[in-house]
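Just follow the structure's listing: the first ligand is 1, and inside any ligand the first atom is 1. All values derive from a computational prediction rather than experimental measurement.
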Amino acid sequence: ESIQVGELAKLMGVKAGDLIKRALQLGMPLTINQSIDPDTAAILADEFGYQVEKALIEEEILLQYTPPSPEELKPRPPVVTVMGHVDHGKTSLLDAIRKTDVVSREAGGITQHIGAYTVSLDGGKKITFIDTPGHEAFTSMRARGAQVTDIVILVVAADDGVMEQTKEAIEHARAAGVPIVVAINKIDKPNANPEKVKSQLAELGLVPEEWGGETLMANISARNKIGIEDLLELVLLQAEMLDLKAAYERPARGRVIESRLDKGKGPVATILVQEGTLKEGDIFVCGNTYGRVRAMFDSYGNRLSIATPSTPVEILGFEELPSAGDDFFVLEDEEKARKVAEYRQRKAREAETAKEAKISLEKIFEKLSEGELKELKLVLKADTQGTLEALQSSLVKLSTDKVRVSIIRAGIGAISESDVMLASASDAIVIGFNVKPSPQAKEIAKKEGVDIRFYDVIYHLLEDIKKAMTGLLEPSY
Ligand code: GDP
């Protein structure tokens, strides 16, 4: 029994180069393709096992969370998500609210979409709005363990009444234990019937206060900006009942609301600060990546030096692009941050590889039952979600009954180490559409012999894949 050095590295989820380096330090000159005996393998594994364990302990220490003491807590603004049936006026309401912001009036109202914004009301109170209406975003965040919403504004059009998605929104808010404030919209319409809407809502358990219930409701017209201030007052009232508080004098913790790859600035993400105060220059871990806050901006593009609880900020300074719902926390030392991120990446990779192995077993079964099935596996990375979806559907359509095209991972952003490792583990080709690999990814690809191909024209990509498939069908000797 023996194992190849490269194989061992792969099993442990470490770079082959690192393994070889370590072996050399231990007085064992090895090459990537060399076979080693189990004892040597055990010694090397021990070396890295120690590392893995150390990183694990470190992450545990970092995540060991001491809840703030009551004295530390101060009131924080509520975070609100707008939900409701399609066309009932969610987007119009978010626009109307944005225009009530005193800062907006000063800034001339020029806003940037960063996924969330805070309005400062005349009395000095603030409310933060998640800028993606609807329950899909709300639910997908929750599925990732990220509950950021304190209050849901349920928009119901007064001419249309309670519809399918109105009911769904109520269910989602209830499942999350988030109180609902109702905005009965479009009261300017001649056929508006707010009383009918109230009785429909009452049937679903949302009984207005005037009828002896507990649900706060406002009649509004998002288009004509009627009743918006009253609605916001109700939101503040609801928030008061929730007694929302957070510690301010602590390293910041929060969640990713949205992320994107900016051509000039690189990875950019909007973080909702949920606790503590985030400062420019802070070092952080975020999902599987880390970084340092190079600059922070609000939704007007104003540069900020600090951000307190319930404040959404767009941040520059990520090593790699994080995902919506990822956790975010500040820690004191960059080396530590890098280690935690690396440890998390390794864990994610292991989970991914484990998943792949299962899929492969199924494929083996398929191959047996379907005869000589051949498969072309792809790891696909693109610059935008739209492109990615277009590529995915065109590529999958290239499948024939002889060769199946399967995309084992599709994502936005630069080609990362973990993309290459996945491709290596699954004998897949990596496709970069308008994106490049990170230097580390490039290095690993070379080491592991993974083919990375770059395209910026969909047609060229499809042509090449077709050719590759013909090659698979008729191997040239
Ligand atoms: P969403 O799908 O829930 O985001 O709905 P939108 O905000 O896109 O609104 C759907 C349509 O209803 C648009 O044509 C709006 O102009 C219109 N609308 C929104 N609010 C009002 C309102 O208060 N009164 C009237 N008459 N129309 C409105």
Side-chain angles (χ1 to χ4, degrees), residues 78-101 104-105 109-119 121 127-142 148-176 178-201 204 206 208 215-235 238 257-258 270 299 312 324 385-386:
V79 179
V80 176
T81 295
V82 175
M83 294 201 226
H85 196 71
V86 64
D87 279 347
H88 279 199
K90 299 180 292 293
T91 311
S92 307
L93 176 60
L94 281 165
D95 287 346
I97 290 170
R98 203 189 263 112
K99 295 202 175 93
T100 65
D101 185 10
S104 152
R105 285 181 231 150
I110 301 154
T111 55
Q112 271 144 32
H113 177 91
I114 66 166
Y117 63 86
T118 300
V119 290
L121 305 174
I127 306 176
T128 293
F129 287 88
I130 303 295
D131 211 357
T132 315
H135 55 252
E136 290 81 8
F138 178 85
T139 306
S140 74
M141 289 282 267
R142 239 165 57 77
V148 300
T149 303
D150 301 307
I151 295 168
V152 164
I153 292 183
L154 179 68
V155 179
V156 190
D159 57 338
D160 211 15
V162 168
M163 302 295 280
E164 204 42 49
Q165 284 160 13
T166 316
K167 290 182 195 156
E168 278 173 29
I170 295 171
E171 284 162 12
H172 286 292
R174 282 200 176 129
V178 175
I180 294 170
V181 172
V182 175
I184 300 176
N185 190 30
K186 307 197 187 184
I187 52 153
D188 58 288
K189 284 199 153 185
N191 55 340
N193 190 348
E195 292 306 303
K196 185 174 164 205
V197 175
K198 279 181 198 166
S199 67
Q200 288 176 331
L201 289 169
L204 298 171
L206 294 178
T215 307
L216 303 175
M217 298 191 185
N219 288 345
I220 66 161
S221 166
R223 181 187 276 176
N224 299 352
K225 319 250 178 328
I226 298 166
I228 305 299
E229 251 120 62
D230 295 341
L231 174 67
L232 298 181
E233 282 305 317
L234 293 184
V235 169
Q238 184 71 62
I257 300 296
E258 205 173 88
T270 298
S299 62
Q385 188 67 38

Checking K186 side chain against A157 main chain: does a donor-acceptor pair fall under 3.5 Å?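 A pair under 3.5 Å: no.
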
Would you mind checking which non-hydrogen protein atom is closest to [atom], with the distance to 0.1 Å?
atom                    : value
atom 24 (N) of ligand 1 : D188 OD1, 2.7 Å
atom 12 (O) of ligand 1 : K186 NZ, 3.0 Å
atom 7 (O) of ligand 1  : S92 OG, 2.6 Å
atom 5 (O) of ligand 1  : G89 N, 3.1 Å
atom 2 (O) of ligand 1  : D87 N, 2.8 Å
atom 14 (O) of ligand 1 : R223 NH2, 4.1 Å

Verify the contact flag for atom 21 (C) of ligand 1, where contact means a protein heavy atom under 4.0 Å away.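 Given the 4.0 Å cut-off, atom 21 (C) of ligand 1 counts as touching protein heavy atoms.
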
Is [Y] close to [X] at the side-chain level, that is, under 4.5 Å between some pair of heavy atoms?
X    : Y    : result
P133 : T91  : yes
E258 : T132 : yes
L93  : L231 : yes
P312 : I257 : no
P208 : L201 : no

Between T91 and ligand 1, is there a nitrogen or oxygen pair with a distance under 3.5 Å?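 In this structure, T91 places an N or O atom under 3.5 Å from an N or O of ligand 1.
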
Polar-atom distance check: A222 versus ligand 1, any N or O pair below 3.5 Å?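 By distance alone, the answer is yes.
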
Subset of ligand 1 atoms that lie under 4.0 Å from at least one heavy atom of [X]:
X    : value
H85  : 3 (O)
S221 : 22 (C), 23 (O), 24 (N)
K189 : 26 (N)

Going by an N to O cut-off under 4.0 Å, is there a salt bridge joining R174 and E171?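 No salt bridge links R174 with E171.
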
Quiz question: by atom type and distance under 3.5 Å, do the side chains of D160 and H88 form a donor-acceptor pair?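 Yes, because at least one side-chain N or O of D160 sits under 3.5 Å from a partner of the opposite role on H88.
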
